[in-house]
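Heads up, the thing below is written out as structure tokens.
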Amino acid sequence: MNTQNPQSVPPVVSAWLSQLSDPKTWQQSWQTWPQWQSPAVGQLDVQSIQKQLGELGATLDPADVVRLQQDYADQFASLWQTAVNSQIPAVTDRRMSAPAWQSNPFFAFHAAAYQLNARFLTSMVDAVQSTDKVKQKLRFAMQQMIDALSPANFLATNPEAQQKIIDTHGESLTRGIAQLFADLQKGRVSQTDETAFEVGRDVATTAGSVVFENELFQLIQYAPLTKTVHARPLLIVPPCINKFYILDLQPQNSLVRYAVEQGNTVFLISWRNADASMETATWDQYVDDAVVNAIHVAQEISGQDKINALGFCVGGTILSCALAVLAARGEEPVASLTLLTAFLNFLDTGAIDVYIDDVQIGMREQMIGKSGLMSGRDFASAFSSLRPNDLLWNYVESNYLKGETPQAFDLLYWNADSTNLPGPMFCYYLRHMYLENALKDPGKLTIAGEKIDLYKLNMPAFIYASREDHIVPWASAYASTAILNAKKPANNRFVLGASGHIAGVINPPAKKKRSYWTNDKIGTDPEAWFAGAVEHPGSWWTEWSDFLAKHAGKQVAAPKKAGNAKYKAIEPAPGRYVKVRAE
């Protein structure tokens, strides 16, 4: 772990890694686990708990504590009797479903006791009387601890890892320790074989040229793959929280390449990875100096007064702000708008809500609100904590305890390629949008000198959401249909895809995977919309391509070179901005 940046990994992981670097940990974990898996877990210091809850404005009824403790004692006694009778207790946790856990009474008991303690602690949180917000935070904190204490995370209590040491004559342990110390140097847990990829060689490979740049972004124009193209180009605004190449991973799963193959001239913003020179950059600059600027450059190079525009995640929020700024200035430069898993109405901010409150944002504002950087590693840690078993602990088990080398996976390589953000820009986004949900209110925000009113955006809109998205819950994305085209609701098309925030978006037609839902009757209730929706097998990309073609203008000869007399090619895609890593 990078000792210069102790916050580069989640605190629970940092503590785990620090302990694991001490050889005594193996012995200590063996001694500690029986304490975690004993009736003492059910005998909590109620007075101390009540005091801590009181500081949060929450309470716990003593009668509920007594009931839960009695239930716990009864269940533990039953579990103990099962063990005494040499019976194998039921284990339902998928992390401990392998035969090595189920066939050994000792390890099966540990797994079952862990499940019992996890249920008890979860029930204790459920019994707390508090506001929904406080209870959500309590559940989150408790789940972090429960996930971290899984017996699968420790060599002394993981029979699969122990058996692998025997089977490999110790090689798995040697590899695991080597990978552990390599990750300690990186300051993060490796999720993939990062040596298998290089930006511009293996990912972000669609051909094109950088035709414009400033201190915030580079603008890429991609080379045509068809003899003719639609007259109106497509401008893509990716999220600035991660690198743009999530939309251009490899040829077979690149949304950028797919759009080019469909006969679109594609422009794309490649955000600069913020450094010390950008510590005072604001949300207004990202809107005006970046997206508004990119729109105008795309118009000039294409010679079109209107273009099509797509925004993904926070890129969709920034793009919508830019269009509202231009509308206030009397400009309507967009023929159609596509939003992919993006917020305009932050009515439900999903799993991230545990980090959103006035106190936490206020602390962040004091630290970096006027000048500073939001670390990309802090972003990665926060997002990993939302799904710790999938994004942290399974790699701890496989990489360190079992000594398995992470497989090469382009999406996880992208996930590890973090980006920094300017503090003022990030804090504005958190307070005014996540906390106050002010963007949806006409005239409440002034951006780039203009009062923002998203209800004045009346271009045809394609709004996509992912059904299992924990970052942008699909009902919140659906709420955009009540804002855009307020006077012409028929101009909105809403499509719901299967899977999550990233996997739902990156679903190329050739893979013939997943499904999506459509319903032309858009009302105020998202559940009613879904109840009447039709499910289609495969990718939503084809639906979007048909939508885009309707607003892309006539066919013209494909441009022979990027840019024009004013905007000449600066360097080949993907450009140098995307190659800067936040180390």
Side-chain angles (χ1 to χ4, degrees), residues 230 232-238 247 255 258-259 262-264 266 306-313 315-317 319-320 322-324 327 332-345 347 440 454-469 472-499 501 504-509 514-553:
H230 295 288
R232 288 174 177 161
L234 169 67
L235 171 65
I236 297 178
V237 183
L247 298 173
L255 181 64
Y258 177 79
Q262 303 309 303
N264 296 288
V266 177
K306 288 186 181 291
I307 66 171
N308 294 298
L310 178 154
F312 180 16
C313 191
T317 308
L319 171 61
S320 299
L323 296 179
E332 296 182 353
V334 170
S336 77
L337 171 65
T338 299
L339 295 179
L340 308 181
T341 62
F343 281 122
L344 298 185
N345 184 340
L347 63 92
K440 66 175 175 51
L454 297 181
Y455 290 86
K456 292 184 178 179
L457 301 183
N458 292 309
M459 71 287 293
F462 184 100
I463 302 165
Y464 169 85
S466 292
R467 189 180 180 189
E468 299 166 28
D469 194 339
V472 181
W474 79 266
S476 292
Y478 183 87
S480 298
T481 62
I483 295 175
L484 300 174
N485 295 297
K487 297 179 180 178
K488 298 178 180 178
N491 274 356
N492 289 327
R493 179 160 178 73
F494 183 80
V495 173
L496 181 65
S499 197
H501 189 68
V505 172
I506 308 306
N507 183 29
R514 307 188 183 95
S515 60
Y516 65 94
W517 292 262
T518 61
N519 182 355
D520 292 335
K521 296 180 180 178
I522 296 177
T524 57
D525 183 1
E527 294 299 335
W529 178 91
F530 185 73
V534 176
E535 184 175 6
H536 310 272
S539 173
W540 59 271
W541 288 15
T542 54
E543 292 273 345
W544 170 67
S545 180
D546 291 343
F547 165 85
L548 196 62
K550 293 176 182 177
H551 307 287

Item checked: Test side chain to side chain contact (heavy atoms under 4.5 Å, CB included) applied to Ala461 - qualifying residues, sequence neighbours left out -> Ile463, Leu484, Asn485, Asn492

Notebook entry, point to check: Could you give the distance from CE (Met459) to NZ (Lys488), rounded to the nearest 0.5 Å?
Noted result: 11.0 Å

Margin query: Test of understanding: with side chain to side chain contact (heavy atoms under 4.5 Å, CB included), list the residues that count as partners of Ala479, not counting sequence neighbours.
Written below: Asn345, Leu347

Notebook entry, point to check: If you measure from CG on Asp469 to CG on Leu340, what distance do you get to the nearest 0.5 Å?
Noted result: 11.0 Å

Check: Where is the tightest heavy-atom contact between Val472 and His501, given as atom of each residue plus distance?
Finding: CG2-CE1, 3.8 Å

Item checked: By side chain to side chain contact (heavy atoms under 4.5 Å, CB included) - contacts of Pro489 (at least two apart) -> none

Margin query: So which atom in Arg514 and which in Ile506 form the shortest heavy-atom distance, rounded to 0.1 Å?
Written below: NH1-O, 3.9 Å

Check: Out of curiosity, Ser515 OG to Asn507 CG, how far, rounded to the nearest 0.5 Å?
Finding: 9.0 Å

Next item on the list: Decide yes or no on side chain to side chain contact (heavy atoms under 4.5 Å, CB included) for Phe312 and Leu255, but give the supporting numbers first.
Entry: CA-CA 12 Å; Phe312 180 16; Leu255 181 64; over 6 Å; no

Item checked: Residues Lys306, Arg232; criterion side chain to side chain contact (heavy atoms under 4.5 Å, CB included); working and verdict -> CA-CA 7 Å; Lys306 288 186 181 291; Arg232 288 174 177 161; 4.0 Å; yes

Item checked: Residues Leu234, Thr338; criterion side chain to side chain contact (heavy atoms under 4.5 Å, CB included); working and verdict -> CA-CA 10 Å; Leu234 169 67; Thr338 299; 5.8 Å; no

Next item on the list: Taking the six-membered ring for Trp and the full ring for Phe, Tyr or His, determine whether the centres of Tyr464 and Trp540 are under 6.0 Å apart.
Entry: yes

Note to self: The criterion is side chain to side chain contact (heavy atoms under 4.5 Å, CB included); which residues satisfy it with Ala533, sequence neighbours excluded?
What the structure shows: Trp517, Asn519, Trp529

Checklist line | Ser545 side, atom OG; Asn264 side, atom CG - distance, nearest 0.5 Å | finding: 6.5 Å

Check: How long is the gap from CG on Leu319 to CG on Leu344, to the nearest 0.5 Å?
Finding: 9.5 Å

Item checked: Plane angle bin for Tyr258 and Trp541 - parallel if under 30°, tilted between 30 and 60°, otherwise perpendicular -> tilted

Notebook entry, point to check: How close do Leu457 and Ser320 get, heavy atom to heavy atom, and via which atoms?
Noted result: CD1-O, 3.9 Å

Checklist line | Sequence-distant partners of Trp474, ring pair (Phe, Tyr, Trp, His ring centres under 6.0 Å), two or more places apart | finding: none

Next item on the list: Look up atom NZ in Lys487 and atom CG in Asn458, then write down how far apart they are to the nearest 0.5 Å.
Entry: 6.5 Å

Note to self: Test side chain to side chain contact (heavy atoms under 4.5 Å, CB included) on Ser336 and Phe462; report intermediate values, then the result.
What the structure shows: CA-CA 8 Å; Ser336 77; Phe462 184 100; over 6 Å; no

Note to self: If I compare all heavy atoms of Pro473 with all of Phe343, which pair ends up nearest, and what's the gap?
What the structure shows: CD-CZ, 3.9 Å

Next item on the list: Determine the minimum heavy-atom distance between Ala335 and Asn308, stating which atoms define it.
Entry: CB-OD1, 3.8 Å

Next item on the list: Give the minimum heavy-atom separation between Tyr455 and Ala486, together with the two atoms involved.
Entry: CD2-CB, 3.9 Å

Notebook entry, point to check: Taking only residues at least two apart or on different chains, which pairs with a member in residues 527-545 satisfy salt bridge (charged side-chain N to carboxylate O under 4.0 Å, His left out)?
Noted result: Arg493-Glu543

